[in-house]
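Data block below; observations after.
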2 protein chains.
Amino acid sequence: MPIELTASQALGLWHGVALNQVRHDARDLTLRQMAILLHIYLVPPPHTVRGLAATLNVTKPVITRALDTMGDMGLVDRVRDDTDRRNVIIKRTVNGALYLEKLGDLVREQGRKLPV
Amino acid sequence: MPIELTASQALGLWHGVALNQVRHDARDLTLRQMAILLHIYLVPPPHTVRGLAATLNVTKPVITRALDTMGDMGLVDRVRDDTDRRNVIIKRTVNGALYLEKLGDLVREQGRKLPV
DNA sequence: GGAAAATGAAACGTTAGCGTAACGATTTTC
DNA sequence: GAAAATCGTTACGCTAACGTTTCATTTTCC
């Protein structure tokens, strides 16, 4: 079901999450990287570089670089597509799932903490 | 009152907002900058470089640079404190308020769009 | 009044992301 | 099969943020 937020709640929620991330998390994903990561994990596969670039309205090198960085962090994985070897299929990882699970918990927790 | 979100809703909300920002907004604030901006506008003044640095658990140059950037964007302003001229008081601007208003609308809109 | 402390900014070299343009590998087209 | 198209990556120069250190200004402390 939809979530109804007041303007104050919406910004308060964003504030709480951003603050918490900045304070505690050394790992600092770009907004673009975050969008890519969430897309990979929330939208049914398969995901390709080209597809992500089109969906996010960014150029392909942006996707490649983000995958490089997040791959090094263990948040995503890449595999050649054997049916069309030009493609690269982006795979989810256990680490990535854990990372987003923690993010989800943080958002929920900040929602619960909103002023009464 | 607190907001109760499921894990799926929390991540879906984050996904929707991040996606929208990346797609449409050329202006791309860092997570740190975002946290600073939200803090300035949501927490009662006065705000100083030193105070923000302590609150966000970052070094002072991080705040100075963020204020430089966001100042150029017109999102915040700086004024010397006349009672203690070592301090700089960070001021809100009309542009900054507008920017956050739009962000709030985006969050609310994405909340409303969450799958039923 | 002079030393010490505090504040914000500037300087420095480093790292990482950016957009554009080119590239190699693969597949499709005719 | 050769030419064209497609896909992801790399190269290039640029910009911006990073952490650490140093600095100028101002205030506080004996």
Side-chain angles (χ1 to χ4, degrees), chain A residues 18-19 21-40 45-92, chain B residues 18-19 21-40 45-92:
Chain A
L19 208 56
Q21 291 252 86
V22 168
R23 275 176 177 157
H24 304 307
D25 219 348
R27 181 152 55 178
D28 198 336
L29 292 187
T30 299
L31 187 64
R32 286 175 162 190
Q33 294 170 340
M34 182 63 83
I36 293 170
L37 189 65
L38 282 163
H39 205 81
I40 292 169
H47 297 290
T48 65
V49 174
R50 167 112 180 127
L52 288 175
T55 302
L56 304 208
N57 193 30
V58 297
T59 60
K60 287 188 294 175
V62 167
I63 305 294
T64 296
R65 281 185 295 247
L67 294 179
D68 287 344
T69 301
M70 296 193 292
D72 288 346
M73 292 179 178
L75 301 179
V76 296
D77 200 6
R78 276 188 278 202
V79 176
R80 273 281 161 201
D81 180 359
D82 271 330
T83 73
D84 184 341
R85 299 189 49 76
R86 287 174 303 183
N87 292 335
V88 162
I89 307 292
I90 292 114
K91 297 289 192 185
R92 302 167 182 169
Chain B
L19 208 55
Q21 292 253 87
V22 169
R23 275 176 177 157
H24 304 308
D25 219 347
R27 179 151 56 179
D28 198 337
L29 293 187
T30 299
L31 187 63
R32 287 175 162 189
Q33 294 170 339
M34 181 64 82
I36 294 170
L37 188 66
L38 282 163
H39 204 81
I40 293 169
H47 298 289
T48 65
V49 174
R50 167 115 181 122
L52 288 173
T55 302
L56 304 208
N57 192 31
V58 296
T59 60
K60 286 189 294 175
V62 167
I63 305 294
T64 296
R65 280 186 296 248
L67 294 180
D68 287 344
T69 301
M70 295 192 292
D72 288 345
M73 293 179 177
L75 301 179
V76 297
D77 200 6
R78 277 187 276 202
V79 176
R80 273 281 161 202
D81 181 359
D82 272 331
T83 74
D84 183 342
R85 298 190 49 75
R86 289 174 302 183
N87 291 335
V88 163
I89 307 293
I90 292 113
K91 297 287 191 186
R92 302 166 184 171

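Here is the naming used below: chain letters follow the sequence lines, and residue numbers restart at 1 for every chain.
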### Side-chain donor/acceptor of A/Thr48 to backbone N/O of A/Gly51, under 3.5 Å
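Here the side-chain-to-backbone pair exists.
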
### Query
5' to 3' on DNA chain C, which nucleotides open and close the contacts with chain B (atom under 4.0 Å from a heavy atom)?
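Counting from the 5' end, contacts occupy C/dA6 to C/dA10.
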
### Message
If you assign A/Pro61 and A/Asp28 each to the DNA chain D nucleotide with the nearest heavy atom, which residue ends up on the more 5' nucleotide?
### Response
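Going by which nucleotide is closer to the 5' end, it is A/Pro61.
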
Quick one: does [X]'s side chain get under 4.5 Å of [Y]'s, heavy atoms only?
X	Y	result
A/Leu31	B/Leu31	no
A/Met73	A/Leu29	yes
A/Arg65	A/Arg32	no
B/Ile89	B/Arg78	no

#### Entry: Base of D/dT25 paired with side chain of B/Arg86 (donor-acceptor, under 3.5 Å)
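Check fails, no donor-acceptor contact within cut-off.
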
[N], OP1 or OP2 - any side-chain N/O from [X] closer than 4.0 Å?
X	N	answer
B/Arg32	D/dG19	yes
B/Gln33	D/dA16	no
A/Thr64	D/dG8	no

### Message
Heavy atoms only, 4.0 Å cut-off, all strands: where does B/Arg65 land among base, sugar-phosphate and nothing?
### Response
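Answer is base: heavy atoms of B/Arg65 come under 4.0 Å of a base.
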
### Message
Once you apply a heavy-atom cut-off of 4.0 Å, does A/Arg50 come out as touching a base, just sugar-phosphate, or nothing?
### Response
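Since only primed, P, OP1 and OP2 atoms lie under 4.0 Å of A/Arg50, the category is sugar-phosphate.
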
### Message
With rounding to the nearest 0.5 angstrom, report the CD1 to CD1 distance, A/Ile90 to A/Ile36.
### Response
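Here the rounded value is 9.0 Å.
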
Please report the distance, rounded to the nearest Å, between [atom1] in [X] and [atom2] in [N].
X	N	atom1	atom2	result
A/His47	D/dG8	NE2	P	13 Å
A/Ile89	D/dG8	CD1	P	8 Å
B/Met73	D/dA16	CE	C1'	10 Å
B/Asp84	D/dT25	CG	C1'	11 Å
B/Asn87	D/dT27	CG	C1'	10 Å
A/Lys60	D/dT10	NZ	C1'	12 Å
A/Arg85	D/dG8	CZ	P	13 Å
A/Ile63	D/dC7	CD1	C1'	13 Å

### Message
Please compare A/Asp82 and A/Thr30 by the position of their nearest nucleotide in DNA chain C and report the one closer to 5'.
### Response
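First, find each residue's nearest nucleotide; the 5'-ward one identifies A/Thr30.
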
### Task
Decide if atom CZ of A/Arg92 counts as having more than 12 heavy atoms of other residues, nucleotides or ligands within a radius under 6.0 Å.
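Correct, the count exceeds 12.
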
